[in-house]
Asks: 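One structure, as structure tokens, below. Some questions next.
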Amino acid sequence: MSECSCTSSQSPEFDATALEAILSSGSTVEGALVPILQASQDAYGYLPRPALEMIARSLRLPLAEVYGVATFYAQFHLEPRGKHIVRICHGTACHVRGATEITDVIVGELGVEVGSTSEDLSFTVESVACVGCCGLAPVVLIDGETHGGLSTQAARRIVSKLQREQTQ
Amino acid sequence: MIAPDTSTPRAAYEVRVCAGSACVANGSLQIAQRFEEAIARNGLAGSVRVIKTGCHGLCARGPVVVVGPDGVFYPAVDLDAADRIIVSVLGDREPVEPLLFRESPGADSIARYADVPFNARQQRIVLRNCGVIDPESLDSAFAAGDYVALSTALATMTPEQVIEMVRDSGLRGRGGAGFSTGMKWQLARAAEGDLKYLCCNADEGDPGAFMDRAVLEGDPHAVLEGMALAAYAIGASEGYVYVRAEYPLAVKRLRKAIADAEARGLLGKDIMGSGFSYSVSIREGAGAFVCGEETALIASVEGRRGMPRPRPPFPTTSGLWNRPTCINNVETLANIPWIVANGAEAYAAIGTGNSKGTKVFALTGHVHYTGLVEVPMGLTVREMVHEIGGGSSSERPIKAVQIGGPSGGCLPASLFDTHIDYDALASVGAVVGSGGLVAVDKSTCMVEFARYFLAFTQDESCGKCVPCRIGTKRMLEIVTRITEGHGQPGDIETLERLGNLVRSTSLCALGGTAANPVLTTLKYFREEYEEHISEKKCRAHACGALSTYAVIPEKCKGCGVCKKNCPVNAISSVIKEQYTIDPDTCVKCGICEAKCPFDAIIRV
């Protein structure tokens with residue numbers, strides 16, 4: 001029998017300072033939940049369970065509702081993410097200009113499947129619907145920086161460069 | 001109070017560097033810095049000024065630099081080119097001939113941006129200031145005429161007159177549904193409530209569309225002025241801009257624009273001393289396509305899961321926190337100041353029968369000139385693809401266009417004389433939609449293309465209603481099966497039946513339009529589906545499972561990466577000679593194609 005964990009409160013390593021500041025400044029606004037989740041993710045890089053619990057208590061919402069909102073939106077992550085975020089655009093323009101092939105190359109080079117993070121927390125690979133740089137298709141965002149007009153070879157080059165930087 | 005701040009006099013000579021997202025990605029900010037440094041070094045900061053503008057439109061040839069009062073155009077500017085341009089700007093100001101735009105190498109140069117074929121058919125109303133002004137400067141917006149319409153309307157027009165003007169202009173919502181904007185405002189005006197909201201829908205989620213992004217990044221004050229005019233017309237005192245979190249630059253510029261406008265009394269309490277108050281806040285979306293649907297948007301702003309609800313009641317009666325709420329799209333709102341300044345008749349004179357004014361399109365795909373275009377309603381698809389887009393960017397002809405994103409339809413080349421307006425597109429099964437226009441050549445498989453759109457809408461389905469949640473899932477399974485070579489007789493008929501069912505019974509427009517790409521490709525490219533199913537053949541060689549892989553001898557360097565990675569040992573080699581793939585052993589996984597560092601493996 002597994003132990004019930006629904007009453008688990010603060011995990012020992014969770015530092016609530018940042019979240020307390022967010023909650024004290026923003027919890028009185030109407031419809032505050034989504035902006036608070038956004039600010040929390042900015043502060044922690046993802047949404048750890050203790051954070052969701054604190055937010056639920058502060059807004060007087062059931063934890064299930066907070067969890068429901070956090071899992072509805074693609075932007076929120078409940079697991080830690082990699083140091084480098086590689087986002088492959090799959091907008092229509094990128095799709096018809098070879099985003100699938102670019103994805104194969106990046107997944108192959110980094111050894112990380114789309115939607116997951118490497119075990120050493122170095123890289124997260126994600127696909128995004130459209131970043132709105134369609135004129136430059138196909139596009140990949142690495143840590144927020146746009147790389148456009150990629151060939152499979154160019155994609156391989158930028159990912160290898162990223163790997164070298166990471167291991168140095 | 002709204003006169004430009006004269007402490008920084010307007011410079012005599014302007015160097016406009018595009019700082020839209022695509023050009024920034026190509027390094028335009030470094031180019032701008034190079035210009036600024038050279039100008040400062042020469043002590044000419046007073047007479048030559050660098051303006052970092054919004055999108056010029058021709059993203060395919062970025063970074064874009066446009067110089068001087070004549071608008072001399074330099075495409076694809078790098079740092080070396082920047083140095084040569086600055087010599088001209090600081091010297092005789094003659095265009096630098098070798099750097100000018102050419103349609104092809106060796107062709108005659110075209111000096112002025114306005115004369116480039118890409119721009120010849122365009123008419124800029126929504127994008128009137130994009131690429132002209134500095135979007136981060138309110139003075140720059142003033143100088144271009146922003147907020148004049150608002151000041152005139154507040155001083156001389158009643159809200160009813162503003163509504164009447166917008167109704168008579170024939171403007172229809174540019175977000176997709178195409179509902180009359182004036183009529184929507186009338187409903188919101190008539191609704192009873194002590195507090196009303198006027199919101200801007202900037203949740204531009206269609207993959208392949210970036211019109212709203214360009215407007216927000218290039219002329220945020222036009223959107224805010226449109227919002228204030230709309231709020232005045234319907235009697236709203238508060239509002240939100242719901243903007244995609246994927247657009248950080250747009251959010252940043254909008255935030256600054258709101259702060260600047262509030263500081264000068266153009267938003268907030270007692271606007272321009274008129275007694276009318278309207279305040280705007282920003283809400284960043286969190287990555288859910290369905291939130292572009294207005295009832296889902298409302299749920300999201302209220303802090304809930306962004307799921308749509310049945311209408312009526314319509315938001316104009318009961319929206320945000322059950323108060324009357326009018327939601328207009330970015331492009332719709334950016335039209336408003338122009339209409340108020342120039343009159344309903346001037347706007348209604350542009351366009352066709354029931355489709356007035358201009359429409360901004362994001363032209364992308366396999367055409368030469370990809371980018372942002374604003375054209376009068378009623379141009380043909382052919383004019384769009386061949387005159388503005390410059391035709392196919394490959395040696396393969398354009399075979400289809402997809403208009404309107406995942407809710408839209410695919411039109412074959414035989415229908416390229418169709419006019420781009422609401423009625424003409426509806427008659428062939430497509431929609432104007434939000435304005436994505438993707439041209440594809442023969443390397444695109446229409447079955448796989450339909451699968452792509454369906455996979456997107458399936459993934460974004462919120463799951464609330466059964467037809468959308470399960471219907472699109474089943475459709476996706478069937479289409480995927482067909483692209484993988486397991487299509488069965490009867491699949492086409494099942495897809496049509498399911499598609500029509502999903503269309504007619506889904507709760508919101510996401511489900512209601514999700515089947516369109518499949519239904520239109522079935523209508524116009526049925527033979528491609530039939531080939532996939534009965535002959536197990538993909539004429540575009542895009543479906544990996546229906547292709548065979550081969551090594552191009554000229555490109556193969558004999559490195560052996562393909563052989564090492566092949567899971568079934570289908571690749572053999574003779575020392576110092578090329579590699580070959582045994583088609584009988586090959587399982588068509590595509591790993592060799594992805595791994596080859598020289599792109600020497602192709603599908604045939």
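Naming convention: chains lettered A, B, ... in sequence-line order (proteins, then strands); numbering from 1 in each chain.
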Asks: Heavy-atom pairs under 4.5 Å with chain A: which of B:Ala214, B:Gly303, B:Ala286 has the most?
Replies: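 It is B:Ala286.
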
Asks: Looking at A:Gly135, is its backbone amide N or carbonyl O close enough to the side chain of B:Thr370 to form a donor-acceptor pair, meaning the two atoms are under 3.5 Å apart?
Replies: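 It does hold such a pair.
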
Asks: Using a 4.5 Å heavy-atom cutoff, which residues in residues 91-102 of chain A come close to chain B?
Replies: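 Heavy-atom contacts from residues 91-102 of chain A to chain B are A:Gly91, A:Thr92, A:Ala93, A:His95, A:Val96, A:Arg97, A:Glu101.
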
Asks: Report which part of B:Asp206 has an atom under 4.5 Å of a heavy atom belonging to chain A: side chain, backbone, both, or neither.
Replies: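 B:Asp206 touches chain A through backbone heavy atoms alone.
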
Asks: For the candidates B:Phe456, B:Tyr247, B:Phe449, B:Trp321, which exhibits the highest count of non-hydrogen atom pairs separated by less than 4.5 Å from chain A?
Replies: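 Result: the option with the highest number of such pairs is B:Trp321.
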
Asks: Does A:Tyr73 use its side chain to pair, donor to acceptor, with the backbone of B:Gly285 at less than 3.5 Å?
Replies: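 No; judged by distance alone, with no hydrogens or angles, the pair does not exist.
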
Asks: Which answer fits B:Ser394, side chain, backbone, both or neither, if we ask what part of it has an atom under 4.5 Å from a heavy atom of chain A?
Replies: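 No part of B:Ser394 comes within 4.5 Å of chain A.
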
Asks: I need the residue from A:Asp104, A:Thr152, A:Val131 with the largest number of non-hydrogen atom pairs under 4.5 Å to chain B.
Replies: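 The option with the most such pairs is A:Val131.
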
Asks: Can you tell me which portion of B:Val440 sits under 4.5 Å from chain A's heavy atoms? Options are side chain, backbone, both or neither.
Replies: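 Just the side chain, heavy atoms under 4.5 Å.
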
Asks: Report which part of B:Phe289 has an atom under 4.5 Å of a heavy atom belonging to chain A: side chain, backbone, both, or neither.
Replies: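 Interface part for B:Phe289: neither.
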
Asks: For B:Val24, is it the side chain, the backbone, both or neither that has a heavy atom under 4.5 Å from a heavy atom of chain A?
Replies: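 Answer is neither: B:Val24 stays 4.5 Å or more from chain A.
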
Asks: How long is the straight-line distance from CG of B:Leu372 back to SG of A:Cys134, given to the nearest 0.5 Å?
Replies: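 These two atoms lie 10.0 Å from each other.
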
Asks: Need one label for B:Cys291: side chain, backbone, both or neither, based on atoms under 4.5 Å from any heavy atom in chain A.
Replies: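 Only the side chain of B:Cys291 comes within 4.5 Å of chain A.
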
Asks: Specify the closest pair of heavy atoms between A:Phe72 and B:Met307, including all atoms of both residues, with the distance to one decimal.
Replies: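 So the minimum-distance heavy-atom pair works out to CE1-CG, 3.8 Å.
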
Asks: Can a side-chain donor-acceptor contact be found between A:Ser151 and B:Asp599 if the only test is distance below 3.5 angstrom?
Replies: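 A:Ser151 and B:Asp599 do not have a side-chain donor-acceptor pair below 3.5 Å.
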
Asks: Give, for atom NZ of B:Lys595 and atom CZ of A:Arg156, the distance between the pair rounded to the nearest 0.5 Å.
Replies: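 Rounded to the nearest 0.5 Å, the NZ-CZ separation comes out at 8.0 Å.
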
Asks: Quick one: pull up CG in A:Leu136 and SG in B:Cys23 and give me the separation to the nearest 0.5 Å.
Replies: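 One finds 7.5 Å between CG of A:Leu136 and SG of B:Cys23.
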
Asks: Name the region of B:Thr444, side chain, backbone, both or neither, that has any atom closer than 4.5 Å to a heavy atom of chain A.
Replies: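 For B:Thr444, the contact with chain A is made by the side chain alone.
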
Asks: Among the options B:Pro597, B:Ala542, B:Gly371, pick out the one with the most heavy-atom pairs lying under 4.5 Å from chain A.
Replies: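 The answer is B:Pro597.
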
Asks: Please determine, among B:Arg213, B:Gln402, B:Glu246, B:Glu448, the option with the most heavy-atom pairs under 4.5 Å with chain A.
Replies: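 Of B:Arg213, B:Gln402, B:Glu246, B:Glu448, B:Arg213 has the most heavy-atom pairs under 4.5 Å with chain A.
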
Asks: Determine yes or no for a side-chain-to-main-chain donor-acceptor pair under 3.5 angstrom, with B:Arg283 supplying the side chain and A:Gly31 the backbone.
Replies: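 Yes.
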
Asks: If you count heavy-atom pairs within less than 4.5 Å of chain A, which of B:Ala25, B:Ala362, B:Gly405, B:Cys462 leads?
Replies: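 Among B:Ala25, B:Ala362, B:Gly405, B:Cys462, the one with the most close pairs to chain A is B:Ala25.
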
Asks: Tell me if the NZ atom of B:Lys588 is crowded by more than 12 foreign heavy atoms within 6.0 Å.
Replies: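 Result for NZ/B:Lys588: enclosed.
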
Asks: Chain A heavy atoms under 4.5 Å from B:Phe453: which part of the residue, side chain, backbone, both or neither?
Replies: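 B:Phe453 touches chain A through side-chain heavy atoms alone.
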
Asks: Could you look at A:Ala129 and say if it's the side chain, the backbone, both or neither that has a heavy atom under 4.5 Å from chain B?
Replies: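 For A:Ala129, the contact with chain B is made by backbone and side chain together.
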
Asks: For chain A, which candidate among B:Gly436, B:Ala22, B:Gly306, B:Ser21 shows the most heavy-atom pairs at distances under 4.5 Å?
Replies: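 Winner by heavy-atom pair count: B:Gly306.
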
Asks: What part of B:Ala209 is in contact with chain A, defined as an atom under 4.5 angstrom from a non-hydrogen atom: side chain, backbone, both or neither?
Replies: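 Looking at B:Ala209, just its backbone touches chain A.
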
Asks: At a 4.5 Å cut-off on heavy atoms, which part of B:Ser300 comes close to chain A: side chain, backbone, both, or neither?
Replies: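 Contact with chain A: backbone and side chain both.
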
Asks: Relative to chain A, which segment of B:Arg305 carries a heavy atom at a distance below 4.5 Å: side chain, backbone, both, or neither?
Replies: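 Looking at B:Arg305, backbone and side chain both touch chain A.
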
Asks: Is there a donor-acceptor pair under 3.5 Å between the side chain of B:Glu284 and the backbone N or O of A:Pro35?
Replies: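 Here the side-chain-to-backbone pair does not exist.
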
Asks: Given heavy-atom pairs under 4.5 angstrom as the criterion, report whether the side chain, backbone, both or neither of B:Glu302 touches chain A.
Replies: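 Only the backbone of B:Glu302 comes within 4.5 Å of chain A.
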
Asks: Can you give me the closest heavy-atom contact between B:Gly208 and A:Cys130, atom names plus distance?
Replies: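 Between these two residues, the closest heavy atoms are N-SG, 3.3 Å.
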
Asks: Which bit of B:Arg244 is near chain A, if near means a heavy-atom gap under 4.5 Å: side chain, backbone, both or neither?
Replies: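 Side chain only.
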
